[in-house]
Amino acid sequence: MTRTSQSEPADAVFLEGDEVVLARGPYTGTPGIFLRPRADARWADIAERKGGVRSHPVEWLAHATIAR
């Protein structure tokens, strides 16, 4: 089970390979892997578990934590 970080700062930094989850927007709860920022740094490419790559606003992202 993947959850969002409870204390994600507004200016969080995401690095290639970070596990992320969409914490806002219409796809809230969708997990993925941060690939890279887009030319417009407010957007990023995320690899989703089903194999697709989608772009989402960085402000919608949070680092994922794995519940054990």
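In this text, all values refer to a predicted model and were calculated from it rather than measured experimentally.
At least one side-chain heavy atom of Glu48 sits under 4.5 Å from a side-chain heavy atom of Thr30. Side-chain contact between Pro31 and Glu19 is absent, with no heavy atoms from C-beta onward closer than 4.5 Å. With a 4.5 Å cut-off on side-chain heavy atoms, Asp45 and Arg38 count as touching.
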Glu59 and Arg24: CA distance, side-chain angles, deciding distance, side-chain contact (heavy atoms from CB on, under 4.5 Å) verdict: CA-CA 8 Å; Glu59 69 181 15; Arg24 295 174 49 196; 4.0 Å; yes
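With Ile46 as reference, Leu61 is the one residue of Leu61, Val53, Ile33 to meet the side chain to side chain contact (heavy atoms under 4.5 Å, CB included) rule.
Atom-to-atom distance recorded for Leu15:CG and Leu35:CG is 12.5 Å, nearest 0.5 angstrom.
Taking the six-membered ring for Trp and thresholds of 30 and 60 degrees, His56 and Tyr27 have ring planes more than 60 degrees apart, a perpendicular arrangement.
Here the side chain of His63 pairs no donor or acceptor atom with the backbone of Val21 at under 3.5 angstrom. A donor-acceptor pair is defined here as one N or O able to donate and one able to accept, closer than 3.5 Å; such a pair exists between the side chain of Asp40 and the backbone of Arg42.
Contact detail for Ala44 and Val58: the closest heavy-atom pair is CB-CG2, 3.9 Å. Nearest heavy atom pair, residue Phe14 against residue Ala62, reads CE2-C, 3.9 Å.
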